[in-house]
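Here's the structure we're looking at; comments come further down.
In this chain, numbering begins with 1 at the start of the sequence shown.
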Amino acid sequence: MPLLDVKNLSVFFKADSEKEDYIQAVKGISFSVEKGEVLGIVGESGSGKSVSALSVLGLLPYPRASHDQKSSVKFEGRELLHAGEAFLQKIRGNEISFIFQEPMSSLNPLHTIEKQISETLMLHRGMSAKDARKEAVRLLKLTGIKNAQQRLKSYPFELSGGQRQRVMIAMAVANNPKLLIADEPTTALDVTIQAQIIDLLLDLRKKLGMSIIFISHDLSVIRKIADKVCVMKDGKIVEQGSITDVFENPKSDYTKTLINSHLLLKNNDKKHPYSILDVKKMSVVYPIKKNFLGKVVEELKAVDEVSLSLMKGETLGIVGESGSGKTTLGLAAANLIRRDKGDVCYNFDENQSVSRINEKYIRKNIQIVFQDPYNSLNPRMNIEEIVGEGLDVHFPSLSVKEKKSRIVKVLKEVGLNSSILSKYPHEFSGGQRQRIAIARALVLEPEILVLDEPTSALDVTIQMQIVELLNKIQQDRNLSYIFISHDMNAIKAVSDRVAVMKDGKLVELKTATEIFNCPENDYTKKLIAAAL
C-alpha cells in the first residue's frame, strides 16, 4: 500500500461569472507516493499543481471548492477527501505537514520565531513552554540555522529569505511527519540557497524517513531532488514516471517543451562603439545603529567602491546573492538613491560626457523594470493610464491622439494589442504584466533600461519569452541594459559582460563567455556550480 494514493482527483470552483456554474481546476488526476519517496510535481502557473496538493489536507476554500464522488485521496488507506474536519485536524501537522511558497506571508510578522515554533509543539505534542523552547532550538539547529538560541527572539522580517524558509521547514518537521508537502519552497531564493534547501530536505528525509511531495515550476530543481515526477498542464497530468525516464525519454510534447526551455548563452560578438554610463569608485552606506546622541556607531556598506562601465547597445549582467548590493548598485547608477562616494558619468550623447545633468533628463533616459510586476503596477489604473503616465511628465505637448498612438505602438512592440487598454493589472498573467511593465519603460524612448530581477518570479517558458523579447527590443532600439539577477541562467542568456557582486564588492567582471567558461573567483565558481 502506498503512503499516499490519489485517484481520479478533480477540483471545481464556483465561478464568479453568471455564464458558468463552475471552473474545473484539476481534471481527474491520479498519482501515488511511497514511503521515503520524493515525488516532484512540475508545471506552469495555473496548471493545478498547488490546488492538487492543498486538496490532500482539505485546505481549499470550501464550499466554494468541491470534488466529485469519483475523487479519492487515501493516506495509509484512510480516506481524507471526504473526511470530517476533526479527523483532518489530527492529520494536519502531525502526519502530513505543509511548507508554503512565500515564508514571509506564512509566518506571523507580530510573533517571534520561538513563539511560532513552540505553538506547533505545544498544540500537537502537548509540550510545556520550557520543553518547547529546547525543542525549538534543536529544530533550528537541525535545519542549519546558526546561533539558534539567539534567533528564537528574532521576528520574521529580521531574517533573510533562506533563513525564513528554514524556519518554515523547522515548523513543518517539528512533529516528525510521515509526509511533507513543499509548495515552491525555493522559487524566490538565490541559487546557492536553493541548493542548501534541497540538500536540507534530502538530509531530513534520510534522518526522519519521511516522504516528500515537492512542487515547482523549475525542472532543474525537480531533477535534483525527486525520485519520480508528474508533469501537469491545464489541470491534467500529461506525463509521469521516474526522473530518468521523463528527462531522458519524454513522451509528451509539453514535457519536451519544458525540458528544452533552457536559456542559451547570448551571442556577444557585437562591438559596442562607446561607453554610455561610467561608475567610478561608488559607495553606498546605510546606518544600522546609532547611540543615544544620534551618532552612527554601526553602518552597512551596501556598495563598496565599485567601478564599472556600460557600453552603448550592451547588456551588463549584475549577479550575486541577496544582500550582495546588486540592486543598490543599479539604483545608485540610475541616480535613484543617494551615493555616499563616487561619480557617475552619463554619456547619452556620444559627443558629450557629463556627471551633472538635468535630473528630469536622467529620469527620462534611464528607466527601471522591477522584479514583481504585480506590485509595481498601480492596481487602480488601467493599462492605458499606466503606460502613458510618463508621457504626461516628459512629453506634455503631445495631443491625446498622439499619446494613445505611442501607447498602442509600444504595446504592440512587447507583444500585446490595443484591446487591453481599458483593463487592469489583476486581469493579466505574470508574463503579461511584465510585458506591460517593459512597455511602460520603453514608451519614453530611454537609452538605458535597469532590469531588476525581471524573470525570477516567472515560469521557465515565460522566462524564455521575456528574455527573447528583451533581446529583440535591444537589437531593434540599440538599447543598453543593466540586468540584475541571482539567476545565472538568465544572466547567461542576456549578458554581454557580467559583474559578480559579493558583500557590496565587485569580485569579478568579464565577458559572459569568460565568466561561464573560465571563472577565476571562487565565489563565481560557486554560483555557477549551484545553477547547474
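Side chain of D496 to backbone of E314: no donor-acceptor contact under 3.5 angstrom is found. With hydrogens and angles ignored, the 3.5 Å screen pairs a side-chain donor or acceptor of Q463 with a backbone N or O of T455. Side-chain atoms of K326 never come within 3.5 Å of backbone atoms of H486 as a donor-acceptor pair (strictly under, hydrogens ignored). Checking side-chain atoms of S480 against main-chain N and O of M311 turns up a donor-acceptor pair under 3.5 Å. The closest donor-acceptor contact from the side chain of S495 to the backbone of K492 lies at 3.5 Å or more, if one exists at all. A donor-acceptor contact shorter than 3.5 Å is absent between the side chain of R166 and the backbone of I145. A donor-acceptor pair is defined here as one N or O able to donate and one able to accept, closer than 3.5 Å; no such pair exists between the side chain of Y481 and the backbone of V494. At least one donor-acceptor pair closer than 3.5 Å links the side chain of E385 to the backbone N or O of N382. N147 contributes no side-chain N or O that, together with a main-chain N or O of Q150, makes up a donor-acceptor pair within less than 3.5 Å. Panel note: side chain E389, backbone I386; no donor-acceptor pair is recorded below 3.5 Å.
At a threshold of 4.5 Å between non-hydrogen side-chain atoms, the residues I420 and F428 count as touching. Looking at heavy atoms from C-beta onward, V231 lies out of side-chain contact with L219 at the 4.5 angstrom threshold. Residues L139 and V167 form no side-chain contact, since every pair of their non-hydrogen atoms from C-beta on lies 4.5 Å or further apart. With contacts defined as side-chain heavy-atom distances shorter than 4.5 Å, the pair I482/I318 qualifies. Looking at D203 and D199, their side chains never come closer than 4.5 Å, going by heavy atoms from C-beta outward. Inter-residue side-chain proximity for Y155 and I113 is flagged as unmet; no heavy-atom pair is nearer than 4.5 Å. Side chains of E453 and D487 form no contact here, defined as non-hydrogen atoms less than 4.5 Å apart. Looking only at side-chain heavy atoms (C-beta outward), S283 and V303 stay at 4.5 Å or farther from each other.
Put simply, the residue from V306, I484, V450 that forms a side chain to side chain contact (heavy atoms under 4.5 Å, CB included) with L329 is V306.
Nearest approach of I212 to L201, heavy atoms of both residues: CD1-O, 3.8 Å. For the residue pair P446 and L449, the shortest heavy atom distance occurs at CG-CD2, 4.0 Å. When all heavy atoms of A490 and F483 are compared, the pair lying nearest together is CB-CE2, 4.0 Å. Scanning both residues, R433 and L377, for their nearest heavy atoms gives O-CD1, 3.8 Å. Residues P185 and I99 come closest through the heavy atom pair CB-CG2, 4.4 Å. Residues H394 and P396 approach most closely at C-CD, 3.4 Å, considering heavy atoms.
Of the charged side-chain nitrogens involved, at least one lies within less than 4.0 Å of a carboxylate oxygen, so that E114 and K153 count as a salt-bridged pair. Electrostatic pairing of E520 and K510 counts as a salt bridge here, judged by a charged N lying under 4.0 Å from a carboxylate O. A salt bridge links K403 with D392; the closest basic N to acidic carboxylate O contact falls under 4.0 Å. Between K505 and D304, at least one side-chain nitrogen of the basic residue sits less than 4.0 Å from a carboxylate oxygen of the acidic one, meeting the salt-bridge criterion. Salt bridge status for K312 with E447: present, with a side-chain N to carboxylate O gap under 4.0 Å.
Side-chain N/O atoms of E384 and S422 include no donor and acceptor closer than 3.5 Å. Checking N417 against S419 by side-chain atom types alone, a donor-acceptor pair falls below 3.5 Å.
Atom CD1 in I368 sits 10.5 Å away from atom CZ in R440 (nearest 0.5 Å). Between the CG atom of L310 and the CG atom of N347 there is a distance of 10.0 Å, given to the nearest 0.5 Å. Atoms CE and CG, from M501 and L308 in turn, are 8.5 Å apart once rounded to the nearest 0.5 Å. Atom-to-atom distance recorded for L159:CG and S154:OG is 5.0 Å, nearest 0.5 angstrom.
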Derivation and outcome, side-chain contact (heavy atoms from CB on, under 4.5 Å), residues V42 and K49: CA-CA 7 Å; V42 68; K49 54 189 187 296; 5.9 Å; no
Check against side-chain hydrogen bond (donor to acceptor under 3.5 Å, both in side chains), D218 and S220: CA-CA 6 Å; D218 191 336; S220 62; 2.6 Å; yes
Derivation of the side-chain contact (heavy atoms from CB on, under 4.5 Å) call for L421 and V408: CA-CA 8 Å; L421 289 175; V408 171; 4.0 Å; yes
Residue pair R497, E514: steps toward the salt bridge (charged side-chain N to carboxylate O under 4.0 Å, His left out) verdict: CA-CA 9 Å; R497 287 187 301 142; E514 290 171 335; over 6 Å; no
Full working for side-chain contact (heavy atoms from CB on, under 4.5 Å) between E402 and S397: CA-CA 10 Å; E402 288 171 330; S397 62; over 6 Å; no
Test side-chain contact (heavy atoms from CB on, under 4.5 Å) applied to R406 and E445, step by step: CA-CA 10 Å; R406 286 201 181 196; E445 299 179 355; 4.2 Å; yes
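No more than 12 heavy atoms of other residues, nucleotides or ligands shown are found within 6.0 angstrom of CD on Q475. Heavy atoms of other residues, nucleotides or ligands lying less than 6.0 angstrom from CD of Q196 number more than 12.
Shown here are the ring pair (Phe, Tyr, Trp, His ring centres under 6.0 Å) partners of F98, two or more places apart in sequence or in another chain: F100.
Judged as a salt bridge (Lys or Arg N to Asp or Glu O under 4.0 Å), the pairs with a partner in residues 467-485 (not counting sequence neighbours) are, in order, E413-R477, K472-D476.
Within the cation-pi definition used here (under 6.0 Å to the ring centroid, within 45° of the axis), R164 does not qualify as a partner of F157.
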